[in-house]
Amino acid sequence: MELPFEKQTALLAKEIEGYSSRLLKATETLLKTEDVEIGISSKDLVLQEDKIKLYHFRPRKKELCPVPLLITYALVNRETMMDLEEGRSLIRNMLELGLDIYIIIWGYPSRLDRYVTLDDCIDMYLGDCVDYVRKEKGVEKINLMGVCQGGTFSIIYAALYPEKIRNLVAMVAPVDFDTDDGLLNVWARYMDIDLMVDTMGNIPGDFMNLGFLMLKPFQLMVDKYVGLVESAEDPALLENFLRMEKWIFDSPDQAGETFRKFLNEMYRKNSLIKGELEIGGRKVDLKNISMPVLNIYADQDHLVPPSSSKPLEKFVSSKDVTTTSFPVGHIGMYVSSKSQRALGPLIAGWLVERSGGVPVAKPKPIVPGGKTQGAGARKAAFPKTKKKE
Amino acid sequence: MDSEEQQKDFYSQWSEFQRSFFSQWSESYIKLYQPWMDALKLWQGMKTPATGLDLFSEWSKMIQATLGRSVEQAEAGLGSTVYFRILRASNVFVVLNEFWLEVLRELPELHESKGDALKSREIFERWAQRYSKVFEQLMGSPPSATAQEIMTSWLNTTQTYQSTAALMWNPWLQAMPQLREQAERYMKGDLSSLTEARSLWREVYDETLGRVFIMPAFGLTKEQTERLRRTYDAFVRYWSSVPVLYQFFHTTGMEALKEVFDKVQNLKVEEMKPETLREIYQIWWTTNENAYFELFKTPEFGNAMGEVLNYGLRFKKRLDELTAEWCKAMSIPSYREFDEVAMSVHELRKKVRMQQKTIEELQRKLEPTTSRQRRK
């Protein structure tokens with residue numbers, strides 16, 4: 001039975017009142033907020049080369065994993081995503097589990113850096129950071145973890161210098177770029193990369209942001225903000241949102257020659273898995289990766305589709321390859337509550353087991369919805385783990 | 001035929017010959033001397049001093065005609081060819097002579113009309129008209145081979161100019177009806193006409209103005225002119241690539257809207273509540289998200305996007321080149337100078353790094369020696 005007109009009007013009026021009230025409260029909080037801090041874990045600058053900085057996170061445990069871990073993030077966006085805030089920090093979780101963590105920060109390239117090449121990034125900067133950590137810690141080999149494009153860099157480095165890497169962790173790292181599952185892979189075919197670099201020099205961060213937003217325009221440019229109003233009454237939630245916004249739009253420019261080679265070699269030619277990629281005058285052969293590999297990908301990743309990151313195990317010669325997925329998106333891998341409780345323990349446990357350290361407590365099973373259960377509960381729906389025989 | 005018949009036939013042939021000869025002789029006589037007889041009649045009819053000029057003119061014409069006829073009957077050869085050319089040249093004199101004759105005849109009239117601007121003007125206009133007829137007559141006479149070459153070249157030049165102008169404007173004129181039709185279709189909401197119109201427009205532009213923009217320039221400002229033209233061309237190409245991309249977005253949006261309507265209808269909403277509004281909003285943005293995702297995967301969209309991006313980059317590149325030239329004129333460093341510095345800095349960095357590594361290696365090698373020395 002249709003509601004009388006007055007009743008309908010009253011309901012709508014109440015809805016508008018509620019919406020306006022939330023919006024006003026949000027405005028109040030936003031106007032009071034000048035800036036938000038991201039990157040909560042303390043760290044010390046230990047090495048600087050040009051704009052690249054190597055930081056060492058202050059350990060949070062007395063007993064540390066004997067093999068240090070070097071994290072390589074992507075050139076796109078900032079590594080602060082992994083250390084966003086209390087309760088949503090993969091790095092904090094891993095520090096709490098006894099890992100000794102270093103991180104490379106690529107910085108903000110300027111016009112002076114436009115001739116920095118992919119070879120410089122991997123062979124020189126990453127190489128120098130690895131050598132520093134090795135020397136500092138007095139170890140022959142370190143653990144290397146790469147995230148997204150940083151994962152590709154780490155994979156390439158491990159293939160070139162396997163004698164320096166004990167264990168390799170690749171997180172949402174693309175290796176096979178010949179896929180139609182990701183729009184970036186599709187669009188890259190129609191772009192003249194050389195023209196782009198010759199015209200712009202460095203690729204502006206805003207340009208990259210626009211591309212990423214266009215992957216899901218309605219969700220990222222409309223629904224995200226509509227949804228914000230719903231939760232705007234809670235200042236804590238609003239601040240979390242602001243941290244995410246700060247990170248999303250904190251996009252460094254891409255050094256021109258690095259961008260040129262990465263796009264042309266990976267997205268256009270897919271030369272990594274074909275064995276045709278050359279770095280520092282040497283061919284990159286993924287078969288040289290004989291150390292243990294942990295490959296983590298996101299099932300709902302629209303930036304690095306599973307078909308791009310999952311196939312790593314097919315190309316390496318390692319006998320110890322663990323491929324794991326989470327039912328989250330690319331960013332959700334670090335910030336989603338679903339992955340927060342499982343990801344850190346998974347990585348830490350896997351690394352410590354292969355580094356001769358004290359075993360880490362295994363992660364508690366997690367059911368969809370984020371609730372944990374004790375022993376005897378039905379088997380967790382995720383993470384899905386497959387070990388290479 | 002018997003001998004009697006043969007005798008009759010011969011006689012009839014001879015008389016026929018005689019008749020024919022006489023007839024030809026009389027004809028030629030008339031043709032040859034007729035002008036003289038006409039001139040004589042004219043002489044006999046003379047009354048006023050001014051007709052002396054007419055006499056001279058008639059006499060000239062008569063001589064021309066007589067001599068002309070003689071040439072026709074003369075045997076072909078160098079002599080007759082040259083004689084014919086002389087005759088042709090003297091025809092110019094005769095024609096001009098007639099013109100001046102008329103002018104002189106009208107001089108008293110001109111003198112009488114002194115002070116009367118209208119009358120004077122009328123007389124001058126008459127002279128001008130007559131002179132143009134004279135000119136036509138003269139130009140009508142067979143020109144010399146050299147004159148013919150000159151005329152042909154001039155005509156060809158004029159024709160070339162017209163053809164070139166036609167090359168520039170004809171394609172537009174020919175395309176106009178189609179462009180009009182496409183504009184009408186666009187007004188009615190048919191967005192595919194946008195793509196067609198743009199393709200047609202680009203084809204015509206490439207054939208006409210596009211060629212002007214890419215042709216080489218000359219002179220002192222050659223480089224600047226070419227740079228400016230290339231910038232125009234780049235802008236036109238970028239601007240003409242945008243509508244196709246726009247069409248994709250618009251068409252997809254319309255199709256998604258239709259899908260949204262269908263889904264909303266299927267909700268079978270009995271009463272409008274805030275939850276319903278949220279549900280409709282959810283349907284709206286998810287339907288659009290999926291529709292545009294499918295669009296973004298298509299090669300057609302990829303090509304259109306790539307075209308807009310690449311043309312936009314080329315336009316930016318041309319603008320940057322112009323800006324750099326202007327900066328140069330004002331002694332302001334441009335991106336070129338910065339890039340040179342960047343390259344130098346990059347190479348220096350690599351050099352310093354290599355040297356640093358070498359020093360460290362040498363230090364490492366020296367270390368055992370140094371420690372031994374210290375122990376001593």
Side-chain angles (χ1 to χ4, degrees), chain A residues 1-5 7-9 11-16 18-19 49-50 110-117 120 124-125 128 131 180-183 185-192 194-202 207 211 214-223 226 230 255-257 302, chain B residues 249 256 269-278 281-282 284-293 295-321 335 337-339 341-347 349-350 352-354 356-357 360:
Chain A
M1 195 178 77
E2 195 176 307
L3 279 177
F5 176 72
K7 190 87 175 157
Q8 281 189 36
T9 315
L11 281 170
L12 284 169
K14 203 161 175 68
E15 175 69 19
I16 293 167
Y19 184 86
E49 271 191 28
D50 305 322
S110 66
R111 192 91 190 182
L112 267 183
D113 304 298
R114 77 158 281 192
Y115 294 105
V116 171
T117 62
D120 294 333
M124 192 166 79
Y125 296 126
D128 286 353
D131 288 340
D180 286 348
D181 294 339
L183 283 177
N185 304 77
V186 172
W187 288 348
R189 290 173 203 152
Y190 301 101
M191 293 195 268
D192 188 338
D194 292 323
L195 177 64
M196 216 185 279
V197 175
D198 291 342
T199 305
M200 296 199 272
N202 290 346
F207 179 82
M214 288 306 291
L215 298 177
K216 286 190 174 185
F218 285 84
Q219 184 181 344
L220 299 175
M221 293 195 274
V222 178
D223 187 58
V226 170
E230 297 291 322
E257 292 308 314
H302 67 292
Chain B
F249 280 108
V269 172
E270 288 178 356
E271 54 192 54
M272 189 56 69
K273 287 193 247 181
E275 290 80 20
T276 319
L277 283 173
R278 280 193 213 101
Y281 161 74
Q282 192 78 10
W284 172 81
W285 84 259
T286 51
T287 308
N288 274 278
E289 189 87 288
N290 294 334
Y292 279 101
F293 180 72
L295 166 69
F296 292 161
K297 282 197 298 186
T298 61
E300 292 80 16
F301 176 81
N303 278 319
M305 180 204 68
E307 212 177 62
V308 171
L309 182 64
N310 294 337
Y311 280 131
L313 286 168
R314 285 190 195 111
F315 175 48
K316 184 190 178 327
K317 199 174 180 183
R318 296 290 177 217
L319 278 178
D320 287 346
E321 282 170 12
Y335 73 92
E337 281 80 30
F338 285 127
D339 283 349
V341 171
M343 178 57 98
S344 305
V345 165
H346 180 67
E347 278 165 10
R349 277 176 184 167
K350 283 178 108 162
V352 164
R353 189 180 166 273
M354 261 170 51
Q356 200 130 0
K357 292 257 180 233
E360 281 168 9

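Below, chain A is the first sequence line, B the second, and so on; all start at residue 1. Note that the structure is a prediction, hence the values are computed from the model and not measured.
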Which side-chain N or O atoms in residues 301-314 of chain B pair as donor and acceptor under 3.5 Å with protein atoms at least two apart or in another chain?
residue	atom	partner	partner atom	Å
B:N303	ND2	B:P299	O	3.2
B:E307	OE1	B:R198	NH1	3.4
B:E307	OE1	B:R198	NH2	2.7
B:N310	OD1	A:D192	N	3.3
B:N310	ND2	B:G306	O	3.1
B:Y311	OH	B:R202	NH2	3.2

- Which residue out of A:V116, A:D180, A:V186 racks up the most heavy-atom pairs below 4.5 Å with chain B?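 So the answer, after comparing A:V116, A:D180, A:V186, is A:V116.
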- Is the shortest distance from a Lys or Arg side-chain nitrogen in A:D128 or B:K357 to a carboxylate oxygen in the other one below 4.0 Å?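 Looking at A:D128 and B:K357, the cut-off is met.
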- Given side chains that start at C-beta, do those of B:Q356 and B:E360 come closer than 4.5 Å, heavy atoms only?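 Contact flag for B:Q356/B:E360 side chains = yes.
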- Non-hydrogen side-chain atoms of A:E257 and A:V197 separated by less than 4.5 Å: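 Side chain of A:E257 against side chain of A:V197, heavy atoms only: contact under 4.5 Å found.
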- Task: Identify which part of B:N288 has an atom lying under 4.5 Å from any heavy atom of chain A, answering side chain, backbone, both or neither.
- Result: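 Both the backbone and the side chain of B:N288 come within 4.5 Å of chain A.
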- Item | Region of B:F296 that comes under 4.5 Å of a non-hydrogen atom in chain A |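 The answer is both parts of B:F296.
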- Task: Using distance alone, with no hydrogens and no angle criterion, decide if A:D50 and A:Y125 have a side-chain donor and acceptor under 3.5 Å apart.
- Result: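 Yes, a side-chain donor-acceptor pair sits under 3.5 Å.
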Among [options], who wins on heavy-atom pairs under 4.5 Å with chain A?
options	answer
B:V345, B:D339, B:T286, B:D320	B:D339
B:E347, B:K317, B:M343	B:M343
B:Q282, B:K316, B:E321, B:R349	B:R349

